[in-house]
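In what follows, a structure is listed as C-alpha cells, so that the remarks can point back to it.
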Amino acid sequence: MDFFELTTEPIDITSVSRRVVPPECGATVTLDGYARKFTKQKDDTTRETLYLVYEAYEEMALKEMQKLIAQARQEFEISNVGIVHRTGRLEIGETSVVISVSAPHRKAAFAACEWLIRELKRTVPIWKKEVYADNEKWIEGEI
Amino acid sequence: MDFFELTTEPIDITSVSRRVVPPECGATVTLDGYARKFTKQKDDTTRETLYLVYEAYEEMALKEMQKLIAQARQEFEISNVGIVHRTGRLEIGETSVVISVSAPHRKAAFAACEWLIRELKRTVPIWKKEVYADNEKWIEGEI
Amino acid sequence: MQIRVLFFGLTADISGNRQIEMELTEQRKAKYIFDQLLLEHPKFASHQLLFSVNEQYATGEEILEDGDELAIFTAVSGG
Amino acid sequence: MQIRVLFFGLTADISGNRQIEMELTEQRKAKYIFDQLLLEHPKFASHQLLFSVNEQYATGEEILEDGDELAIFTAVSGG
C-alpha cells in the first residue's frame, strides 16, 4: 500500500519505512530530509536559522504526491511508496520529509526515491520559511 | 561520527539514521535490508523461507566495514556514515542491515549509500542461512 | 458567478490575505484573474509565480466556472 | 609455531569445526595451510572459497608467523 500524508507532528522514520515493506521485497530506501542550521546566502555568507515553518496547500499537495507516486510506479519497478511531509513549525534537525520506497531489487528503490524527492521539491505545493534572529524569509524554489 | 556495529538485537532504523545527522547537513539516505519470504531458486521455482540465520566473522567484518566507510569518504562528499548489521536468528521481514549516509547534498548521500550496500554484500564476511520447512541452505555470494 | 483565490506563504504575506472571493459577471479565463492580482500587488512581479485552478497547475487558459478555486504562489520549496 | 584456522557458515558445517589449531615446524606460506584443508575436505572444492590471514583477505602468498589467525569461508552473503 502506498501512502502520502501531511502531518504537524514529528515524523517517525522507522514507522514510515516499515509501512512500505511487503513480504516479497528485499530492500527499502528512505530519504530523511531535515532543517539545516546554517544556510549559504547568495553573497556567500552563511546565516543561522533558528527554526522553520512549512506551509502547504494541503489538498493540492496530497494530489501532487499521489501523481508523483503514480508516475514513479510507471518508471521504476517498485513495490510501495510512502511519503510524509511535515508542516508547521520545525526545530533545526527535525525531519521535514520522509520518502520510503520498497522494491524487489534495491537499485530501483534507490532510483525511485531519488527521483521522488527531486520531483517533490519541484511540484508539491509546500513552502518553507526560514526564521533568523533578526528576520525571516520565505524560500522560493526554482521553476 | 561514523559508526559500524554488529548486533543480535532488532535494529531500530530511526536511531541509526538519526545518529548520522550533523547540524550542517541536508539529507540522510537510509538503506533498510530485510529477509525475503520467497526466494527464487535456480530452477525458477520459489521457496518459502521460515527464518534466517546470519553469522559473521565479527572482528574482520568490523574491519571491513571501517574500510568501506573510509573508501566511501574518499569517493563521495558525505558527512557521516552508520552501518549496523544484525546477526543470529532473524524472522521474515526483520531488518538485517541498515546503512545511513548523511551529506550536504542528497545526491552524494544516495550514491554513497548505494555503493556501500553493494560493497558490503561483496566484501564484509557475513553469511546468511535460509531455513525452509524441510531443509536449510547457506547462501553463497558471488566473487 | 463567484470564484475563490487562495494565497500561500509569500503571496499571502504580500497580499495580506489567505483567501479572497471574487465576482465575475462574464465568462473569463483564469489568466484574467491572475493578471488582475498582479496589477493589484506590484510586489508579485519580482517573484516567479505559479498558478492553480481547482488544485491543478494552471496555464491561465482555463475557462472559469462558478465555485472554482484558484491559487497563486511562489515556486515551491518543500522537501 | 602454532596457527589458528577459523571456519564460518558452510565451511564450519563441512569441516565439523569452528576453529582448529595447527602446528608448523618450518616457515610456510598461507597457501600451504589452505591447500592442506582443501585436501582434507574434498567438499570444499565445489564452492568458491575466500581466505583471510589476521582478519585481512589473503592471496595465499603471506608468510605465516606464530599466532597467526587464518580463516576459510565461502563467498560472503550478508546484507
Under 4.5 Å from a heavy atom of chain D, the part of [X] involved:
X	value
B:K63	side chain
B:Y54	side chain
B:A61	neither
B:W127	both
B:E140	both

**Report entry** Side chains of B:E58 and D:E55 in contact at under 4.5 Å (non-hydrogen atoms)
**Finding:** no
Query raised in the report: Does some side-chain heavy atom of D:F8 sit less than 4.5 Å from a side-chain heavy atom of B:M60?
Result: no
Requested in this report: Sort D:D13 into side chain, backbone, both or neither according to what part of it lies under 4.5 angstrom from a heavy atom of chain B.
Outcome: side chain
**Report entry** B:K67, NZ: over 12 other non-hydrogen atoms inside 6.0 angstrom
**Finding:** yes
Considering only heavy atoms, give the residues of [range] separated from chain B by less than 4.5 Å, sorted numerically, with 'none' for an empty result.
range	result
residues 71-79 of chain D	D:A71, D:F73, D:T74, D:A75, D:V76, D:S77, D:G78, D:G79
residues 38-51 of chain D	D:H47, D:Q48, D:L49, D:L50
residues 14-36 of chain D	D:R18

Query raised in the report: So which bits of residues 81-96 of chain B come within less than 4.5 Å of chain D, counting non-hydrogen atoms only?
Result: B:H85, B:S96
Query raised in the report: Quick one: of B:K128, B:R122, B:K137, B:E142, who has the most non-hydrogen atom pairs under 4.5 Å with chain D?
Result: B:K128
Query raised in the report: Just by distance, do the side chain of D:Y57 and the backbone of B:T123 share a donor-acceptor pair under 3.5 Å?
Result: yes
